[in-house]
Amino acid sequence: MSRRRKIYEGKAKILYEGPEPGTLVQFFKDDATAFNAKKHEIIDGKGVLNNRISEYVFENLNSIGVPTHFIKRINMREQLIKEVEIIPIEVVVRNIAAGSLSSRLGVEEGNVLPRSIIEFYYKNDELNDPIVSEEHITAFGWASPPEIDDMMALAIRVNDFLSGLFLGVGIQLVDFKIEFGRLYENDAMRVVLADEISPDSCRLWDINTKEKMDKDRFRQDLGGLLDNYREVARRLGIMNENEPTRGKGPVLVKSD
Ligand code: UDP
């Protein structure tokens, strides 16, 4: 592992040079960070769970025709991905008020939004990932108008797919963050989903108890992060109790 060339190291993942040109290896670390890395902890096994959950989500998205960077999972902590040029915008989709939307706009956490809301944040740690509008994105050349259209259309498809996937296992998809990249193939370029989709990047609430099953457990010092991530994986049918192997399929969780 250490002999491979490291391309980039982020807060929760490392990217290594891949086995073939145009590929990279994405390694999931156990680091949990929040508040722009001011809060930091190592949570043993988080990377393994996020790797599995993200694999499951990206595989399913690929299979319904949402283009992604994902090729295959290689081992417990690594996946093979296509090399893309990351667009420096975090796209957040919200279905229920929580987090920064609640604090910024005074909307009570838990209120179902009148419709799904898409927001853009400029990926820049020094500036604390500020919220930006399409005007900023196009004026500063971070993405073109057609790229913004692609990102929004894909974000809505991802939201529809994920909402249904989680609802089927008794989990409400409150909000999530996704990132996109430019994939250059032959002479063409297209926008594809990149990064990860895991309980680190989503807000997931148990539909009955409203228990938080995501990174808010770390942000808010609620404890039990790993148990909750494991429960998400178990309900999705991708991890049997203690055995890190593929299960038979989603576990139906009845709502009241
Ligand atoms: N999010 C993320 N990475 C970030 C910021 C947000 O994955 O750098 C996710 C977060 O987990 C939540 C959604 O994006 O699912 C919306 O986050 P919000 O804007 O409410 O920010 P927060 O409350 O986390 O500061």
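If you read the sequence from its start, that first residue is 1, and numbering goes on from there. These values consider heavy atoms only, across backbone and side chains, with no hydrogens, waters or symmetry-generated copies. As the structure lists them, so they are numbered: ligands from 1, and atoms in each ligand from 1.
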Are the charged groups of Asp129 and Lys123 less than 4.0 angstrom apart, N to O?
no

Mark up the atoms of ligand 1 that fall under 4.0 Å of a heavy atom belonging to Val92, in ascending order.
14 (O), 16 (C)

Glu119: which residues meet the side chain to side chain contact (heavy atoms under 4.5 Å, CB included) condition with it, sequence neighbours left out?
Val92, Arg94, Leu101, Arg104, Ile117, Tyr121, Ile131

Tell me which part of Arg94 gets within contact of ligand 1: side chain, backbone, both or neither, using heavy atoms under 4.0 Å.
side chain

Heavy atoms only, cut-off 4.0 Å: how does Ser103 contact ligand 1, side chain, backbone, both, or neither?
neither

protein heavy-atom neighbour closest to atom 5 (C) of ligand 1 works out as Glu90 OE1, 4.0 Å

Check the orientation of Phe140 and Trp142. Use parallel for under 30°, tilted for 30 to 60°, and perpendicular for over 60°.
tilted

What I want to find out is whether Glu147 reaches Arg182 closely enough, with some N-O distance under 4.0 Å, to be called a salt bridge.
yes

Taking only Lys NZ, Arg NE, NH1 and NH2, and the carboxylate oxygens of Asp or Glu, determine whether Asp175 and Arg203 approach each other closer than 4.0 Å.
yes

Tell me every residue that passes ring-ring contact (aromatic ring centres under 6.0 Å, His included) with Phe218, counting only those two or more places apart in sequence or in another chain.
none

Nearest to atom 9 (C) of ligand 1, what protein heavy atom do you find, and at what distance?
Lys177 CB, 3.5 Å

Looking at atom 23 (O) of ligand 1, what's its closest protein heavy atom, distance included?
Arg203 NH2, 2.8 Å

Side chains of Gln79 and Asn51: any donor to acceptor distance under 3.5 Å?
yes

Looking at ligand 1, would Tyr121 count as a contact under a 4.0 Å heavy-atom criterion?
yes

Quick one: look up the protein heavy atom nearest atom 21 (O) of ligand 1 and list residue, atom name and how far away it is.
Ser100 OG, 3.8 Å

Numbered atoms and elements of ligand 1 in range of Asp200, under 4.0 angstrom, heavy atoms
7 (O), 11 (O)

Per-atom contacts of ligand 1 with Gly99, taking only distances under 4.0 Å to non-hydrogen atoms
20 (O), 23 (O)

Under 4.0 Å, heavy atoms only, figure out whether ligand 1 is touched by the backbone of Asp175, its side chain, both or neither.
both

Taking the six-membered ring for Trp, are Tyr16 and Phe27 parallel (under 30°), tilted (30 to 60°) or perpendicular (over 60°)?
perpendicular

Report the nearest protein non-hydrogen atom to atom 11 (O) of ligand 1: residue, atom name, distance rounded to 0.1 Å.
Arg219 NH2, 2.8 Å

Asp214 near ligand 1, heavy-atom distance under 4.0 Å?
no

With a 4.0 Å cut-off on heavy atoms, is Lys215 in contact with ligand 1?
no

Looking only at atom types and distance, does a side-chain atom of His69 sit under 3.5 Å from a main-chain N or O of Asp195, one as donor and one as acceptor?
yes

